[in-house]
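Counting starts at 1 for both ligands and their atoms, in listed order. Just so you know, these numbers come straight off a predicted model, no measurement behind them.
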Amino acid sequence: ASTDAEALLKFKGSLEMNNDVLGNWSAGSSPCTGDKANWVGILCEKGNVWGLKLENMGLKGHIDVESLEGVPQLRSISLMKNDFDGSLPDVKRLGALKSLYLSGNHFSGDIPGDKFSGMLSLKKVYLAQNHLEGQIPWSLAELPRLLELRLEANHFSGQIPNFAQKTLKVFNVSGNEQLRGSIPRAFSNFDPSSFKGLHCLCGKPLDKPCTTSKMPSIASIIMVSIAVTAALLAIGAGIVILSRRNQSSSNEENPAHSKSPNAGVSSPAIGLRSPDRGSSHGSVAGKRAAESAKLSFVRDDTERFDLSDLLKANAEILGSGCFGSSYKAALTNGPVMVVKRFKQMNNVDREEFQEHMRRIGRLKHPNLLPLVAYYYKKEEKLLITDYVEKGSLAVQLHGHQAVGQPAIDWPSRLKIIKGVAKGLRHLYAELPSLITPHGHLKSSNVLLKANFEPLLSDYGLIPVVNQEHAQELMVAYKSPEYIQLGRITKKTDVWSFGMLIFEILTGKFPANFLRQSKSGSEEEDLASWVKSIPEKEWIGQVLDKDMGPTKNSDGEITKLLKIAIACCENDFEKRMDLREVVEKIEELKEKDGDEDFYSSYASEADIRSSRGLSDELNFAI
Ligand SMILES: Nc1ncnc2c1ncn2[C@@H]1O[C@H](COP(=O)(O)OP(=O)(O)OP(=O)(O)O)[C@@H](O)[C@H]1O
């Protein structure tokens, strides 16, 4: 039909291509004249265009959906393996489409949830191998005829929407490492390869049951804990208890092992100063269960409470990490605590665990979130800390609009980086025997006080996390030395710190960043991306626009980016050590009242830093 021809020529006009691969698309001819004479890539039926199959042709530019609205019988579009980038086209305008194949391009960014709403005929959606991020759009889960959905090798995050279509035969989200939570039941019989490499997902078909309670209350966990313990005790675990009593009495000098002053029995099963109400339980099993449900406090200077207090508290899920969920629990007498569940710590025995928790509990520094107490049970551990009002750096950097807060400005970002540096230095000084004294440094493990003073959390846990899970879940194991050589080193935290600095300055989330490099087919991470941009363009191109004006700080920001690049040196032997990094960061000038002094300092530093340093990093400035 002539309207098809006009519409398609208009569509062609907005495309960019190297050779005229669509050479026989020309005015005066018809797209559908028989198999051989059809226009390139045009599929016809009864003289009408029903399909567009333009694959692997080096196409890019604008996908003019509006023109395609002028091809009334169009039901299938494939633009796979081309060079299209930017947001996905507005396909909803093509409401009658049955198949949409856009895999293997460079489409990026979040997809609005309603992107596919109302596309009642859509059966096949291929968006794999792009750079799409954010949530998987919920409208996909509402397509009534969906047969095949391929989303693999993108950067989708959050939970998988609740797909319930019985029609679904193919579903693949593998490689979207930030997906977490439970797999919808509709997929329980799918091949596990659909979810390959997704360590934060649970449920069938993966061999990893979901253990997180859906109830926003820790009461259920604690009740289960008590019940299990009671049952175990009732079937004669007395010997274990007895041996623990002996252990406890040999550790009396430590408050975490002191005898209960009130319970009237030797130290309780988990060992701890018992709160007052600990003595009034009825049955022996009940009494022991209650004792074993006690928390072990690791410091003297904190108010005591026990699991039953947490049980009574209003609890709210803060978020689900790969280890399990964290809950905020407001105790009736005031303090607000956070309870984090760890399932992947069951390879260490009780004594080893206690010993390590006591070491962690002894750490005291203004930039470390102190551990308050822990709860030990063979299969799962709870770690209890104070709740930090402003939440995590991750939320403040990437979700500040959603939580109604302004973006963090440059002085506060620098303050956060300096605080993280000091916290790390303390960990290195106090935990010298740990290869990676932090081990899990990332923006959700940096909590912020009201004045933006940072508090590191989840530190020092590598020795108690199961090795096989640590490899999947902890940031340290994503470092180049682990990926290439299978080992972590004293400089692994330095690499994580470099990535964190990049995240803070660019506002980009490292785990979602991977993108195609300009030069070739290699994927580049956040660090390589910054490295690929000339230094003089850093301020304009790299910085998070939300940070607002940086005034006279460009020199300091440039130095900081160089420090981050040095931290992310792939070869750990050449990488700076933590002490050096901290020194360099401490030298960075915070804005003081004296603008003139500050600006002359910055510009002088700039001049020196631009001399002969464009390729080599130099920190002698
Ligand atoms: N003490 C706390 N005060 C305030 N918010 C907290 C506290 N501890 C954790 N959070 C926040 O709760 C959310 C869930 O944290 P959680 O530690 O369970 O997971 P994660 O840090 O995202 O991942 P991972 O399991 O790998 O540590 C995160 O946004 C985290 O910053």
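- Within the 4.0 Å heavy-atom criterion, neither part of Lys328 lies near ligand 1.
- Only the side chain of Thr385 comes within 4.0 Å of ligand 1, counting heavy atoms alone; its backbone N, CA, C and O stay farther away.
- Interface atoms of ligand 1 facing Ser392, defined by a heavy-atom separation under 4.0 Å, are 29 (O), 31 (O).
- Near Ser326, with a cut-off below 4.0 Å to any heavy atom, the atoms of ligand 1 are 15 (O), 16 (P), 17 (O), 18 (O).
- Considering each of Val475, Val338, Ile384, the one bringing a non-hydrogen atom nearest atom 8 (N) of ligand 1 is Val338.
- Using a 4.5 Å heavy-atom threshold, the side chains of Val475 and Leu441 count as separate.
- Within the 4.5 Å cutoff, the side chain of Leu427 has no heavy atoms near those of the His365 side chain.
- Using a 4.0 Å cut-off between charged nitrogen and carboxylate oxygen, Lys491 and Glu481 do not count as a salt-bridge pair.
- Between Phe297 and the choices Tyr375, Tyr374, Phe305, the ring pair (Phe, Tyr, Trp, His ring centres under 6.0 Å) rule is met once, by Phe305.
- The aromatic rings of His131 and His106 sit parallel to each other, their planes meeting at less than 30°, with 60° as the upper class boundary.
- Each of the following atoms of ligand 1 lies closer than 4.0 Å to a heavy atom of Leu318: 5 (N), 6 (C), 10 (N), 12 (O), 13 (C).
- Residues Arg359 and Leu434 have side chains in contact (heavy-atom distance under 4.5 Å, counting atoms from C-beta outward).
- Side-chain contact between Leu543 and Thr506: absent, with no pair of heavy atoms (C-beta onward) separated by less than 4.5 Å.
- Of the heavy atoms in Lys442, only side-chain atoms (C-beta onward) come closer than 4.0 Å to ligand 1.
- Using a 4.0 Å cut-off to heavy atoms of Leu369, the atoms of ligand 1 that qualify are 1 (N).
- Under a cutoff of 6.0 Å and an axis angle of 45°, Lys328 and Tyr387 form a cation-pi pair.
- Considering both main-chain and side-chain atoms, Val388 comes within under 3.5 Å of ligand 1 through a nitrogen or oxygen pair.
- At a 4.0 Å heavy-atom cut-off, ligand 1 touches Asp386 through the backbone alone.
- With a 4.0 Å heavy-atom cut-off, ligand 1 is reached by the side chain of His440 but not by its N, CA, C or O.
- Set against the non-hydrogen atoms of Asp458, the atoms of ligand 1 under 4.0 Å away are 17 (O), 27 (O).
- In this structure, CG on Leu424 lies 11.5 Å from OH on Tyr459, to the nearest 0.5 angstrom.
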Using a 3.5 Å cut-off and no angle test, enumerate the donor-acceptor pairs between side-chain atoms of residues 388-399 and protein atoms at least two apart in sequence or in another chain.
unit_1 : atom_1 : unit_2 : atom_2 : d
Lys390 : NZ     : Gln405 : OE1    : 3.3
Ser392 : OG     : Ala394 : N      : 3.4
Ser392 : OG     : Val395 : N      : 3.2
Gln396 : NE2    : Lys390 : O      : 2.9
His398 : ND1    : Gly507 : O      : 3.4
His398 : NE2    : Glu503 : OE2    : 2.6

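- Close to ligand 1: Leu447, with a non-hydrogen atom less than 4.0 angstrom away.
- Every heavy atom of Leu393 sits 4.0 Å or more from the atoms of ligand 1.
- Near Ser444, meaning under 4.0 Å from any of its heavy atoms, are these atoms of ligand 1: 20 (P), 21 (O), 22 (O), 30 (C), 31 (O).
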